[in-house]
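Worksheet: the structure to be examined is printed underneath.
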Amino acid sequence: MIATTLIQWFSAAGRVLPWRQTRDPYRILVSEVMLQQTQVERVVPKYHAFLAQFPDIDTLADAPTSAIITAWQGLGYNRRALYLQKTAQTVRDQYAGVFPRDVAVLRTLPGLGPYTAGAIACFAYEQDVAFMDVNIRRVAVRLWSDPQATIPADQALVTTLATHIPAGQGWAFNQAIMELGATICIAKTPQCPRCPVRAACADYAGRRAADEQLQPIPVRVLKKVAEKPAQPFIGSNRYFRGRIIDLLRVVPGNGGMHQSALHAAVVALGEPIEPAAFDSIVTKLASDGLVVRDGEHVQLPQ
DNA sequence: AAAACGGGGGT
DNA sequence: ACCCCAGTTTT
Ligand code: SF4
């Protein structure tokens, strides 16, 4: 049975990560939101620092938003920091401080999509639910879909995953399959000879069969998640957004800056931008809730 | 369905 | 300079 083999392999070879040592839903929430589009190695130190500063969900709900945005430095996708606090406030205000455990309810919380809602239900409450991130999806495609056919839709893959979860072992199964995708069944060069479930893998079997016919075919590589922008990062919209938030983070007491001074400080970093274009970026940041504007004064939200 | 959203580290 | 990487929201 594939699942049992995976779980045994994970038990012996899985990495020890801080969020694998707890079932506290708040800590799982923080870890899962941080891990969205962000590598494990980068999250680990931020996770510890964040929990030291915001040790429980009420502390996070009550904290100045500027402090949370500042604590988010280095993680990127700063709106996640806003969603995290909104989720904390929603749990406090709408759920009487009791963290929801139902996937459908979790899915309604800000910043929690299908992956994160399932991950919290599973990793905090040990529910036998199926969900996919990019690693689980890649392993599911290679293990259980016909290499000659088109890749199944996500809903079909989740259904297949659900059938493989051994009753009562959802936590271990999902950790194991995610770990396999992160460490062995990697995107371009899977380490199949080291894979614990290679004997049951459709993709590996297909490649070996092709080898015997002297017609080697490449490992199934999934389509890239997103195209890279043709424009270089320096001078991009994202670049300026990042520089603006970085500058506002280090103003003592979140005192903010006059927009003209902020513009000058950004330009001083080396990349020119017209005041009108700069203003539209600040406007977008304000509509995102990442900055607050009062006349010409700009600061992080208190 | 497509675009927007960050940044660090490796090559 | 270019590549990769534990998704979600907005348009
Ligand atoms: S045998 Fe290879 S392709 Fe199949 S699951 Fe294992 S690492 Fe992935």
Side-chain angles (χ1 to χ4, degrees), chain A residues 10 14-15 17-20 27-47 69-84 86-87 106-124 130-140 153-154 158 161 171 173-190 221-249 269 280-281 283-291:
Chain A
F10 174 74
R15 294 167 293 177
L17 298 172
W19 43 89
R20 289 175 173 167
R27 291 180 173 243
I28 299 298
L29 167 72
V30 170
S31 70
E32 289 301 338
V33 173
M34 285 186 170
L35 285 161
Q36 292 169 0
Q37 298 284 285
T38 311
Q39 293 107 313
V40 166
E41 314 80 65
R42 186 135 46 104
V43 168
V44 170
K46 298 293 182 181
Y47 171 83
I69 294 172
T70 299
W72 209 258
Q73 196 282 324
L75 286 169
Y77 295 102
N78 296 316
R79 279 183 300 181
R80 290 185 294 171
L82 303 180
Y83 296 144
L84 203 44
K86 286 194 185 104
T87 285
L106 291 166
R107 181 66 183 78
T108 68
L109 295 171
L112 306 197
Y115 164 74
T116 308
I120 292 172
C122 178
F123 297 146
F131 52 89
M132 292 192 301
D133 69 336
V134 65
N135 286 319
I136 295 176
R137 179 169 180 272
R138 183 172 55 249
V139 176
D154 283 358
V158 169
L161 279 164
W171 188 96
F173 173 81
N174 282 308
Q175 292 284 7
I177 193 168
M178 196 177 307
E179 183 77 354
L180 189 77
T183 61
I184 303 284
C185 193
I186 55 180
K188 295 289 183 60
T189 54
V221 176
L222 279 60
K223 193 182 69 172
K224 273 162 87 174
V225 175
E227 295 300 322
K228 298 296 291 183
Q231 182 187 25
F233 175 71
I234 302 297
S236 69
N237 207 318
R238 283 189 180 190
Y239 166 82
F240 287 114
R241 287 173 61 100
R243 301 295 71 72
I244 290 167
I245 298 300
D246 267 348
L247 284 165
L248 293 176
R249 276 178 175 129
L269 296 174
S280 71
I281 290 174
T283 298
K284 180 61 161 59
L285 283 169
S287 79
D288 288 342
L290 282 167
V291 305

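Here is the naming used below: chain letters follow the sequence lines, and residue numbers restart at 1 for every chain. For the numbers below, each heavy atom of this structure counts, side chains included, while hydrogens, waters and symmetry mates do not.
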Which pair of non-hydrogen atoms, one from Phe131(A) and one from Ala119(A), has the smallest distance, and what is that distance? CZ-CA, 3.7 Å

Which is more 5' along DNA chain C, the nucleotide nearest Gly113(A) or the one nearest Ile186(A)? Just name the residue. Ile186(A)

When rounded to the nearest Å, what value does the distance between C1' atoms of dG9(B) and dT8(C) take? 24 Å

Provide the closest heavy-atom pair for Trp72(A) versus Tyr77(A) in the form atom of the first, atom of the second, distance. NE1-O, 3.6 Å

How is Asn78(A) classified with respect to the nucleic acid when contacts are heavy atoms under 4.0 Å: base, sugar-phosphate, or nothing? sugar-phosphate

If I pick the C1' atom on dG7(C) and the same atom on dG10(B), what distance separates them, to the nearest angstrom? 23 Å

To check you understand the geometry: which heavy-atom pair defines the closest contact between Ala130(A) and Val158(A), and what is its length? CB-O, 3.6 Å

Quick one: on DNA chain C, does Asn135(A) or Arg79(A) contact a more 5' nucleotide (nearest heavy atom)? Asn135(A)

Pick the C1' atom in dC3(C) and in dG6(B), then give their distance to the nearest Å. 15 Å

Atom pair distance, as rounded to whole Å: OH in Tyr239(A) and P in dA1(C): 13 Å

Short heteroatom pairs, N/O only, protein and nucleotides 8-11 of chain B, under 3.5 Å:
unit_1 : atom_1 : unit_2   : atom_2 : d
dG8(B) : N2     : Gln39(A) : NE2    : 3.0

Is the shortest side-chain N/O distance from Arg243(A) to OP1 or OP2 of dG7(B) below 4.0 Å? yes

What's the gap between dT9(C) and dG8(B) when it is taken at their C1' atoms, as a whole Å value? 24 Å

Could you work out which one of dG7(C), dC5(C), dC3(C) sits closest to the side chain of Lys188(A)? dC3(C)

In short, Gly74(A) meets Arg42(A) closest at the heavy-atom pair O-NH1, 3.0 Å

Check every strand shown and say whether Ile136(A) touches a base, only sugar-phosphate, or nothing at a heavy-atom separation below 4.0 Å. nothing

Re dA4(B): Watson-Crick or G-U wobble partner, both distances kept under 3.5 Å, found to be dT8(C)

In whole angstrom, what separates Leu290(A)'s CG from dT9(C)'s P? 15 Å

Short side-chain donor-acceptor distance under 3.5 Å, Arg20(A) and Gln175(A): yes

Sugar-phosphate only, base, or nothing, as touched by Ser31(A) at under 4.0 Å among non-hydrogen atoms: nothing

Taking only side-chain N and O atoms of Thr116(A), does any of them lie within less than 4.0 angstrom of OP1 or OP2 on dT8(C)? yes

Please check the phosphate of dG6(B) (OP1 and OP2 only) for any side-chain N or O of Arg241(A) closer than 4.0 Å. yes

Residue-phosphate contact under 4.0 Å: Arg107(A) side-chain N/O, dT9(C) OP1/OP2: yes

Protein-nucleotide distance (Asp133(A), atom CG; dA6(C), atom C1'), rounded to Å: 5 Å

The nucleotide from dT9(C), dG7(B), dT8(C) with an atom nearest the side chain of Tyr83(A) is dT9(C)

For Pro114(A), the side-chain contact (heavy atoms from CB on, under 4.5 Å) test, sequence neighbours excluded, returns Arg107(A)

Touch check for Trp19(A), heavy atoms < 4.0 angstrom, all strands: base, sugar-phosphate only, or nothing? base

